[in-house]
Amino acid sequence: MTTTTLTSEAAGLPDVAALSRLAGALFATLPDGSASPAFPGAGAPDSIDLRETVSPQPQAAPAGETGAVRAPRAGGIASGVPEAYAAALPSALPTSSHPKEPQAGGRPASYYFVDEASHPVSKRHEDVAVPEDRVSAQSFGLPGQDTLKALLSNLTSSRPGTTELSGSRDEAGGYYFVHPSQVQAHESRRGAPQTQARSAPGGFDVQAVRKDFPILQERINGKPLVWLDNAATTHKPRQVIERLSHFYEHENSNIHRAAHELAARATDAYEGARSTVARFLGAASADEIIFVRGATEGINLVAKSWGVKHIGAGDEIIVSHLEHHANIVPWQQLAAEKGARLRVIPVDDSGQILLDEYRKLLNPRTRLVAVTQVSNALGTITPVQEIVALAKAVGARTLVDGAQSVSHLRVNVQALGADFFVFSGHKVFAPTGIGVVYGRSEVLEETPPWQGGGNMIADVTFERTLFQPPPARFEAGTGNIADAAGLGAALDYLQALGLENVAKYEHDLLDYATHGLSRIPGLRLVGTALHKTSVLSFVLPGHTTEDIGHALNEEGIAVRSGHHCAQPILRRFGLEATVRPSLAFYNTCDEIDHLVAVVRRIARR
Ligand code: PLP
């Protein structure tokens, strides 16, 4: 037990100097180590033993310690948090798990404090005592590096989209300041690039958000990692990583079938995640949410259960030219098995679905329309709402592939009206091996199970089996319990950031990147639809996509090059492969600058 010998006349109240040092230490624990010049202790908390500085509630000294004031309990609060301050933290903060270790040199790790009023802690999280040092939306409003940069650049420069003329920023790119005539062509097609992505004051503080993603600190070939392969998979915030650890440290058990405490915790974690997904998608009930491995397994589930029962000879299944192989092959297999016909909605030269052509394909034989909401190869945002409505009008069922949409756009499955909606956790900042099929309850009722085994049965004899109602009917065997909890944490994280904020930031970033890449001589952008998100596919004549991918990797930049499991749409554009940088909300304009500069260098070779 640490004791101190404070002798303040105010019976244990600290003096002004002590308070000042405490405040300084507190500022230093904030993200960015933000220090207040008003407090001399700021920036050097490691030099202060806070337990010796203040005790907010002096306790009676045991006999023999006359004059001593006992400090608050030493254990229980994460190390690195001043105890006096920790005494005032929300009760949801962990009291025993996930201690924050002091960083090298004894400096305490910085802490985010959750304002419960604006970011209420869900009941589920209280139940499982998930650490609430999660960032939620706390990054907003804190002065990030980008905010300061934006403020400074406001003072010193004009911006794209303004009418002023200024010079290029650097030899390689010069994308910041261009003559209005140079941006005219781009503006007329997509609108002027916005600079808010660089984080306008009060806007999206990308630097604060990046601190949640430990892997973004990696260096590749001696260079900082620039992760522009988000359409393939996304990185995981600390909150998700810690959620997984928490599960295995405190909750691990199989679910549903035991009376013991850990089974109850694991079941709560799994079913809580199901409720989180239902809220995230705007589903009417958690019973409409089926956990699977990912979008591919989800589409296969629908094809091999609902499809096998409801598609017959002569029936038609419609997909679009934009589809990922995962939304082509299962339907092709089903059509071959049943004697049904696969029909394809064409796209225009920008990569957008031709709605009039789609209308012509619809007829009373159409049983299912399965389309992507966002193309993984081109980034096109398709008009899914209209597509679904038109399908309904001819009595067809609909499946929307949300693998590329849920991390960028707010989705509401009820507003969309789709019968099925699938997505993969790993593309939305959650672990691999977990994904979701949303099925409208009425449609799930008409869907038979696709795999048999444990968990999905109500009763088994050798003569017959009675099945559980949805969603258990579709979850045979032990599910991916921990990763489901991780998915819940990822969706909570995204919700706290706010999908509207994310969408706006990414829209600006996409415009910025489109503008930068499109000015590189010879570079051809593939996929130029007006409604796009987060994908920039391109080719550079004279350079193979593989070579460009390798050259970018040399500079620490990760992009995908190849066919992106979407060969039909690339062939529609006369290509077998493209280079595909793809964005997430943790990417920055500086990273885009780097990408553009390196591609420009390659183009000069
Ligand atoms: N659909 C789309 C549009 C995709 O982009 C992907 C993956 O890239 C998938 C489906 C398949 O996702 P998964 O491999 O996670 O099952």
Side-chain angles (χ1 to χ4, degrees), residues 227-236 277 281 290-304 319-333 344-345 347 351-353 369-384 387 398-409 411 416 418 420-438 450 479-480 483-484 486-487 490-491 526-527 529 531-537 558-570 572 577-584:
W227 184 258
L228 296 174
D229 197 14
N230 294 290
T233 201
T234 54
H235 288 311
K236 320 307 169 201
V277 174
L281 292 180
I290 302 162
F291 284 125
V292 288
R293 272 194 306 138
T296 302
E297 189 172 81
I299 296 167
N300 275 277
L301 183 159
V302 177
K304 288 166 178 45
V319 296
S320 87
H321 212 141
L322 291 168
E323 302 310 315
H324 186 281
H325 297 164
N327 201 27
I328 299 173
V329 182
W331 307 121
Q332 224 167 31
Q333 291 175 318
V344 181
I345 315 171
V347 299
Q352 185 54 279
I353 278 176
V369 178
V371 287
T372 192
Q373 188 167 19
V374 170
S375 153
N376 71 310
L378 308 185
T380 311
I381 302 173
T382 64
V384 272
I387 292 171
T398 49
L399 178 144
V400 172
D401 177 354
Q404 294 294 342
S405 63
V406 286
S407 57
H408 306 296
L409 316 168
V411 169
L416 209 55
F420 296 104
F421 184 96
V422 300
F423 73 91
S424 296
H426 71 99
K427 292 185 196 288
V428 63
F429 317 103
T432 49
I434 188 74
V436 167
V437 174
Y438 155 83
W450 75 309
N480 190 346
D483 292 321
L487 173 60
L491 300 184
V526 185
H531 297 295
K532 266 188 74 170
T533 183
S534 300
V535 169
L536 300 124
S537 253
V559 300
R560 188 120 316 216
S561 51
H563 59 53
H564 320 304
C565 292
Q567 287 179 309
I569 190 59
L570 291 195
R572 157 69 176 77
T578 65
V579 182
R580 185 194 65 179
S582 51
L583 311 174

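Just so you know, ligand 1 is whichever comes first in the structure, and atom 1 is the first atom listed for that ligand. Position 1 is the first residue of the sequence; numbering continues from there.
- Using modelled atom types, one side-chain atom of Ser537 and one backbone atom of Ala377 make a donor-acceptor pair closer than 3.5 Å.
- Applying the side-chain contact (heavy atoms from CB on, under 4.5 Å) test to Arg572 and every residue at least two apart in sequence or in another chain returns His321, Val347, Asp349, Ile569.
- For Ala577, the side-chain contact (heavy atoms from CB on, under 4.5 Å) partners at least two apart in sequence or on another chain are Thr545.
- Listed by chain and number, the residues in a side-chain contact (heavy atoms from CB on, under 4.5 Å) with Thr233 are Trp227, Lys236, His426 (sequence neighbours excluded).
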Can you list every pair where an N/O of ligand 1 is under 3.5 Å from an N/O on the protein?
from, atom 1, to, atom 2, distance (Å)
ligand 1, 1 (N), Asp401, OD1, 3.3
ligand 1, 1 (N), Asp401, OD2, 2.5
ligand 1, 5 (O), Gln404, NE2, 2.7
ligand 1, 8 (O), His324, NE2, 3.3
ligand 1, 8 (O), Lys427, NZ, 2.7
ligand 1, 15 (O), Ser424, OG, 2.7
ligand 1, 15 (O), His426, NE2, 2.7
ligand 1, 16 (O), Ala295, N, 3.4
ligand 1, 16 (O), Thr296, N, 2.9
ligand 1, 16 (O), Thr296, OG1, 2.6

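- Once rounded to the nearest 0.5 Å, the distance linking CG of Leu378 with OG1 of Thr578 reads 8.0 Å.
- A donor-acceptor pair is defined here as one N or O able to donate and one able to accept, closer than 3.5 Å; such a pair exists between the side chain of Lys532 and the backbone of Gly527.
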